[in-house]
Amino acid sequence: MHVLILGGTTEARRLAESLQSAARVTTSLAGRVAGPRLPAGEVRIGGFGGAEGLAQWLRAHQVDALVDATHPFAGTISFNAASAAITAHVPLLALRRPGWVAGEGDDWHMAGSLEQAAGMLPALGRRVFLTTGRMSLAAFAGLDELWFLVRSVDAPEPPMPSRTEVLLDRGPFTLDSERELLRRHRIDVLVTKDSGGAAVAPKLTAAREAGLPVVVVRRPPVPDGVPVAVTVDEAAAWLRQFSG
């Protein structure tokens, strides 16, 4: 059995590792991060050329099952995968970690888009910890009256807010380090995507402890008709039905 994993997440790497003795596994990475953490098995880097190109790749490489384990906000590739799976007659599963849930003491403000999140900020704070990724800064570029701390794995490129300090770092992050970061930079509002997972969740706890408002951008939906697994074990169990 040949499994193609659309990867780039911790769950994708764990799934590839778990399948090594049971299947041929190829993981595809978008190539947007320099020096990515490579999974076990075969790896390809770069795009496919849209849904049609992905469908051609699935057929040419005799893929038996496709797992979309991309970041919850990588919406375009997810819809391309759904279209390609139908065209190539390959079963598709979306592997999505659960989103975060607000708890007691959280001051969350839900946004349907990055642009909506940007529109909320002037009423919530002046010193913003922006953790939505380096590809999303254009939505905040017009907020010249605010100061931004931007954390990303690789250096961002314009357009971005005019008053921006960039912090290059990669998770997981500790609660103590997030507390210190908020204190040191005098942060009064946090912006994050609802990416879920434990690696970057401590910032939410630190914000709750400090009484800070948090703008949370909702994740896009999984394409209609695509089954969803929320754990690596569930995904592996789904794949076993095609291993005969």
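Numbering of residues begins at 1 and proceeds along the displayed sequence. Note that the coordinates shown come from a computational prediction; the quantities given were computed from them, not determined experimentally.
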Would a hydrophobic clustering, with Ile, Leu, Val, Met, Phe, Trp and Tyr connected at side-chain separations under 4.5 Å, put [X] with [Y]?
X	Y	value
V216	V191	no
L143	M135	no
V90	L19	no
I187	L130	no
F79	F48	no

Distance from [X] atom [atom1] to [Y] atom [atom2], nearest 0.5 Å?
X	Y	atom1	atom2	result
L54	L66	CG	CG	6.0 Å
R134	E157	CZ	CD	7.0 Å
R127	L121	CZ	CG	14.0 Å
D194	F73	CG	CZ	6.0 Å
L58	T87	CG	OG1	9.5 Å
T26	H2	OG1	NE2	3.0 Å

Taking side chain as C-beta onward, heavy atoms only, is [X] less than 4.5 Å from [Y]?
X	Y	answer
L212	L182	yes
T192	W100	yes
V25	Q20	yes
F129	V189	no
D106	V214	no

### V63/W57 under side-chain contact (heavy atoms from CB on, under 4.5 Å): CA gap, chis, key distance, verdict
CA-CA 8 Å; V63 172; W57 200 97; 3.7 Å; yes

Please check if the side chain of [X] supplies one atom and the backbone of [Y] the other of a donor-acceptor pair under 3.5 Å.
X	Y	value
H185	L181	no
T164	L149	no
D188	G125	no
R219	S195	yes
T174	S177	yes
E180	D176	no
K193	T132	yes

Quiz question: by atom type and distance under 3.5 Å, do the side chains of [X] and [Y] form a donor-acceptor pair?
X	Y	answer
T70	D68	yes
R96	T9	no
R44	S28	yes

Compare every heavy atom of [Y] with every heavy atom of [X], then report the nearest pair and how far apart it is.
X	Y	result
P202	L175	O-CD1, 3.6 Å
G7	L29	C-CD2, 3.9 Å
L146	P122	CD1-N, 4.3 Å
L137	P156	CD1-CB, 3.5 Å
V222	A94	CG1-CB, 4.0 Å
P172	R37	CD-NH2, 4.5 Å

#### Entry: Set of residues satisfying ring pair (Phe, Tyr, Trp, His ring centres under 6.0 Å) with respect to F148, sequence neighbours excluded
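Expected list: none.
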
Counting neighbours of [atom1] on [X] that are heavy atoms of other residues, nucleotides or ligands and sit closer than 6.0 Å, is the number greater than 12?
X	atom1	answer
R184	CZ	yes
E145	CD	yes
D224	CG	no

### Message
Between the side chains of E178 and R151, is the shortest nitrogen-to-carboxylate-oxygen separation below 4.0 Å, so that they form an ion pair?
### Response
yes

### Query
Are the charged groups of R14 and E11 less than 4.0 angstrom apart, N to O?
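Looking at R14 and E11, the cut-off is not met.
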
### Message
Tell me every residue that passes side-chain contact (heavy atoms from CB on, under 4.5 Å) with T76, counting only those two or more places apart in sequence or in another chain.
### Response
N80

### By side-chain contact (heavy atoms from CB on, under 4.5 Å) - contacts of A65 (at least two apart)
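Once residues adjacent in sequence are excluded, the partners of A65 under the side-chain contact (heavy atoms from CB on, under 4.5 Å) criterion are P91, W238, L239, F242.
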
### Residue pair V232, S18: steps toward the side-chain contact (heavy atoms from CB on, under 4.5 Å) verdict
CA-CA 8 Å; V232 170; S18 72; 4.1 Å; yes

### Task
Using the side-chain contact (heavy atoms from CB on, under 4.5 Å) rule, take V226 and L93 through it: C-alpha gap first, then chi angles, then the decisive distance, then the call.
CA-CA 6 Å; V226 176; L93 175 75; 5.9 Å; no

### Message
For F173, does the six-membered ring have the charged nitrogen or CZ of R170 within the cation-pi criterion, i.e. under 6.0 angstrom from the centroid and within 45° of the normal?
### Response
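Not satisfied by the 6.0 Å and 45° rule.
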
### Task
Could you walk me through whether K203 and L190 pass the side-chain contact (heavy atoms from CB on, under 4.5 Å) test, one step at a time?
CA-CA 8 Å; K203 65 188 175 186; L190 166 67; 4.1 Å; yes

